[in-house]
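Everything below concerns the one structure shown next.
Note that the numbering runs from 1 along the sequence shown for the chain.
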Amino acid sequence: MSLIIQKYGGSSVASTDHIRRVAMKVASTKIRGNKIAVVVSAMGGQTDQLLALAAEITNNPPGREQDALVATGEQVCAALMAITLESLGHKAKSLLGLQLPLITDDVHTRARITEMQTGKIAQILDEDIIPVVAGFQGITADGSITTLGRGGSDTTAVALAASLKADCCEIYTDVEGVYTADPNICPKSRHIKKISYQEMLELAGLGANVLHSRAVELAQKYQVPLVVKSSFGGEKETWIVNEEEVMENSIIKGVTLEKNVSKISLIRVPDRPGIAHRILSPLAEAAINVDMIIQNASIDGYTDFTFTIPTTDLSKAKELISEVAREIDAEKMLAANNIVKVSAVGIGIKTNPGVASRMFHSLSAENINIEMISTSEYRISCVIEEKYGELAVRAVHKAFDLDNVKEETEI
Ligand code: ADP
Ligand code: ASP
Ligand code: MG
């Protein structure tokens, strides 16, 4: 008898009709002789609606209360799923993060799991009851509700699979797995049958939100067999596996678009030792993740300093940086959120010179200006104006010969 964790995302549980269809899928997996635990996201659009309610009051709600608010989305869905399973004649019990409990640190809105207790859920499974876990949420050691960051239900599912030593973690969504680019942006993207944890981690971290990057990280660490499938039918699926199991070795595995990007520039900053630390340390203390950093060449002892952060942290970061700007006597602070990051990802990048210039050429051919660049062994990223984001994905995808020329090609 196998133990399977099935996670259903927001679009798969968007209405009670959707929930009924998913419940039937869960039931049939159980009837085939498996043990099954279900993890659900909030019903599609619910998390955004809850956040919009808070935004009617303030741009900067306290993280603790924002978490208490959005966690209700998953609570509603888990209860509805358990009610539906019961109505179909299967015993089911909903479980919140605080009931498992799934313990996290106290970094609200993007908490990390510190401990997943499995006693309760294991007992429910032993009693032949289907546990329905509310994804995305946890509780701190001192009892505050937390969430794991947008898309975090995937991480709940993988953490559960790792702790229960499940045979497989199945992520059900609205596409048939992972593609060489978001199929909703790039119709010529190709389906990927197998992708390494490392490449998937890069794709997920750079905007391919089909999987939460922390989920991929945990799956690699605990070697959880992880598969992405569509809950709307379709034969295809994508397995996330170790690098040596991937036969196909294209230079670029995929192209991503990250939309949640903003930049802050400090103009005419005195160029002296310790300045970068002065600017960035308040952000580190506030757990704000700084991504790309550019410091211009110094002229007359002054320089300009620009960095990118997630847009969700922009208003907090502006508050912190305007104070630093005063302290260090910068001329002014500029902030912009009309930018996006386009990235080409693949393990072939480290061994293939010329990848960067091919990417830059494809953007210039579309007259797209590159504002910032960063590279690593596995990726090249360019910050560009938001309005060109989707065009840029298609251009870069084509430039690396990823476009699907025949109907439905897979790699
Ligand atoms: P769920 O609510 O099921 O968790 P998400 O919206 O979080 O669904 O993730 C699925 C979406 O991820 C797809 O609809 C697709 O638009 C997007 N996506 C982005 N990049 C990719 C990619 N490389 N392959 C597949 N889907 C992608
Ligand atoms: N409901 C949460 C979100 O919309 C978590 C998830 O869907 O995984 O981000
Ligand atoms: Mg998701």
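- Using a cut-off of 4.0 Å between Lys/Arg side-chain N and Asp/Glu carboxylate O, E217 and R112 are scored as salt-bridged.
- Between the side chains of N242 and Q223, at least one donor N or O sits under 3.5 Å from an acceptor N or O.
- Side-chain atoms of V383 and V340, non-hydrogen and from C-beta on, never get closer than 4.5 Å to each other.
- Using a 4.5 Å cut-off on side-chain heavy atoms (C-beta onward), I264 and M333 make contact.
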Listed pairs under 3.5 Å, donor-acceptor, residues 16-27 side chains, sequence neighbours left out:
from : atom 1 : to  : atom 2 : distance (Å)
D17  : OD1    : R20 : NH1    : 3.3
H18  : ND1    : S15 : OG     : 2.6

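- Other residues, nucleotides and ligands place no more than 12 heavy atoms under 6.0 Å from the OH atom of Y222.
- Without hydrogens or angle criteria, E258 side chain to K341 main chain gives no donor-acceptor distance under 3.5 Å.
- Note: I185 CD1 to R394 CZ = 8.0 Å, rounded to the nearest 0.5 Å.
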Let's go through V342 and T256 carefully: what are the C-alpha distance in whole Å and the side-chain angles of both, what is the deciding distance for side-chain contact (heavy atoms from CB on, under 4.5 Å) to 0.1 Å, and is it a yes or a no? CA-CA 6 Å; V342 176; T256 59; over 6 Å; no
Throw together a table of side-chain donor-acceptor distances under 3.5 angstrom for residues 265-285, partners on residues two or more places apart or in other chains.
from : atom 1 : to   : atom 2 : distance (Å)
S265 : OG     : T306 : OG1    : 3.0
D271 : OD1    : Q295 : NE2    : 3.3
D271 : OD2    : S298 : OG     : 3.0
R278 : NH2    : E327 : OE1    : 3.3
S281 : OG     : H277 : O      : 2.9

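- Checked for salt-bridge contact, D304 and K332 miss the test: no charged N lies under 4.0 Å from a carboxylate O.
- Across all their heavy atoms, M116 and A159 have their closest contact at CE-CB, 3.7 Å.
- Considering every non-hydrogen atom in both L201 and S213, the closest pair reads CD1-O, 3.2 Å.
- At a cut-off of 3.5 Å, with distance as the only test, no side-chain donor of T146 or T140 sits close to an acceptor on the other residue.
- Under a 3.5 Å cut-off, the side chain of S94 and the backbone N or O of A79 do not form any donor-acceptor pair.
- Counting non-hydrogen atoms of neighbouring residues, nucleotides and ligands closer than 6.0 angstrom, the NZ atom of K350 exceeds 12 such neighbours.
- Within a 6.0 Å radius of CG in D300, other residues, nucleotides and ligands contribute 12 heavy atoms or fewer.
- At least one donor-acceptor pair closer than 3.5 Å links the side chain of S196 to the backbone N or O of E199.
- A distance-only check finds a donor-acceptor pair linking the side chain of E176 to the backbone of K236 [under 3.5 Å].
- Looking at residues two or more places apart in sequence or on another chain, you find no salt bridge (Lys or Arg N to Asp or Glu O under 4.0 Å) involving D182.
- Applying the ring pair (Phe, Tyr, Trp, His ring centres under 6.0 Å) rule to pairs touching residues 153-174 yields Y8-Y172, sequence neighbours excluded.
- Considering every non-hydrogen atom in both L85 and A92, the closest pair reads CB-CB, 3.7 Å.
- Residues I195 and W239 are not in side-chain contact: their nearest non-hydrogen atoms beyond the backbone lie 4.5 Å or more apart.
- Side-chain N/O atoms of E170 and Q6 include a donor and acceptor closer than 3.5 Å.
- By the side chain to side chain donor-acceptor pair (under 3.5 Å) test, R379 is found to be paired with S374, S381, residues two or more places apart in sequence or in another chain being considered.
- With sequence neighbours excluded, no residue satisfies salt bridge (Lys or Arg N to Asp or Glu O under 4.0 Å) with E243.
- By the side chain to side chain donor-acceptor pair (under 3.5 Å) test, T173 is found to be paired with no residue, residues two or more places apart in sequence or in another chain being considered.
- For I5 against A157, the heavy-atom pair with the smallest separation is CG2-O, 3.8 Å.
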Go through the steps to decide whether K194 and T238 satisfy the test side-chain contact (heavy atoms from CB on, under 4.5 Å), and finish with yes or no. CA-CA 6 Å; K194 276 187 188 176; T238 302; over 6 Å; no
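- Residues meeting the side chain to side chain donor-acceptor pair (under 3.5 Å) test with R358, sequence neighbours left out: D401.
- The two atoms that bring V393 and C186 nearest to each other are CG1-CB, 4.4 Å, heavy atoms only.
- For H212, the side chain to side chain donor-acceptor pair (under 3.5 Å) test picks out T155, with sequence neighbours left out.
- In this structure, CD1 in I103 is found 11.5 Å from CG in D105, a value given to the nearest 0.5 Å.
- Counting only heavy atoms from C-beta outward, the side chains of I130 and K30 approach each other to under 4.5 Å.
- Looking at P62 and E65, their side chains come closer than 4.5 Å, going by heavy atoms from C-beta outward.
- Panel note: side chain N260, backbone T312; a donor-acceptor pair is recorded below 3.5 Å.
- By the 6.0 Å contact criterion, CZ on F360 is enclosed, its count of non-hydrogen atoms from other residues, nucleotides or ligands being greater than 12.
- C382 contributes atom SG, which lies 4.0 Å from atom CD1 of I370 (distance to the nearest 0.5 angstrom).
- Here F307 contributes atom CZ and K263 contributes atom NZ; the two are 12.0 Å apart, rounded to the nearest 0.5 Å.
- Proximity of L102 to Q137: side-chain heavy atoms (C-beta onward) are nowhere separated by under 4.5 Å.
- For Y179, the ring pair (Phe, Tyr, Trp, His ring centres under 6.0 Å) partners are H191, not counting sequence neighbours.
- A heavy-atom distance below 4.5 Å is found between the side chains of V255 and V396.
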Could you list the donor-acceptor pairs under 3.5 angstrom formed by side chains in residues 35-44, with sequence neighbours left out?
from : atom 1 : to   : atom 2 : distance (Å)
K35  : NZ     : L125 : O      : 3.0
S41  : OG     : S153 : OG     : 3.2

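- Nearest heavy atom pair, residue G97 against residue I139, reads O-CG2, 4.4 Å.
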Please list, one pair per line, the donor and acceptor atoms closer than 3.5 Å that link side chains of residues 47-59 to other protein atoms, with sequence neighbours excluded.
from : atom 1 : to   : atom 2 : distance (Å)
D48  : OD1    : R150 : NH1    : 3.0
D48  : OD1    : R150 : NH2    : 3.2
T58  : OG1    : N60  : N      : 2.9

Test log, rule side-chain contact (heavy atoms from CB on, under 4.5 Å), inputs S189 and H397: CA-CA 8 Å; S189 61; H397 194 267; 4.0 Å; yes
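- Between the OG atom in S322 and the CG atom in L320 there is a gap of 8.0 Å [rounded to 0.5 Å].
- A 4.5 Å side-chain heavy-atom check between V175 and V210 finds at least one atom pair inside the cut-off.
- A distance-only check finds a donor-acceptor pair linking the side chain of S376 to the backbone of Y378 [under 3.5 Å].
- A donor-acceptor contact closer than 3.5 angstrom is absent between the side chains of S163 and T118.
- Remark: the D67 side chain and the T147 side chain contain an N/O donor-acceptor pair separated by less than 3.5 Å.
- Side-chain atoms of T180 come within 3.5 Å of backbone N or O of R190 as a donor-acceptor pair.
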Using side-chain contact (heavy atoms from CB on, under 4.5 Å), reason through Q220 and Q198 one step at a time and then give a plain yes or no. CA-CA 8 Å; Q220 177 170 30; Q198 193 56 47; 4.1 Å; yes
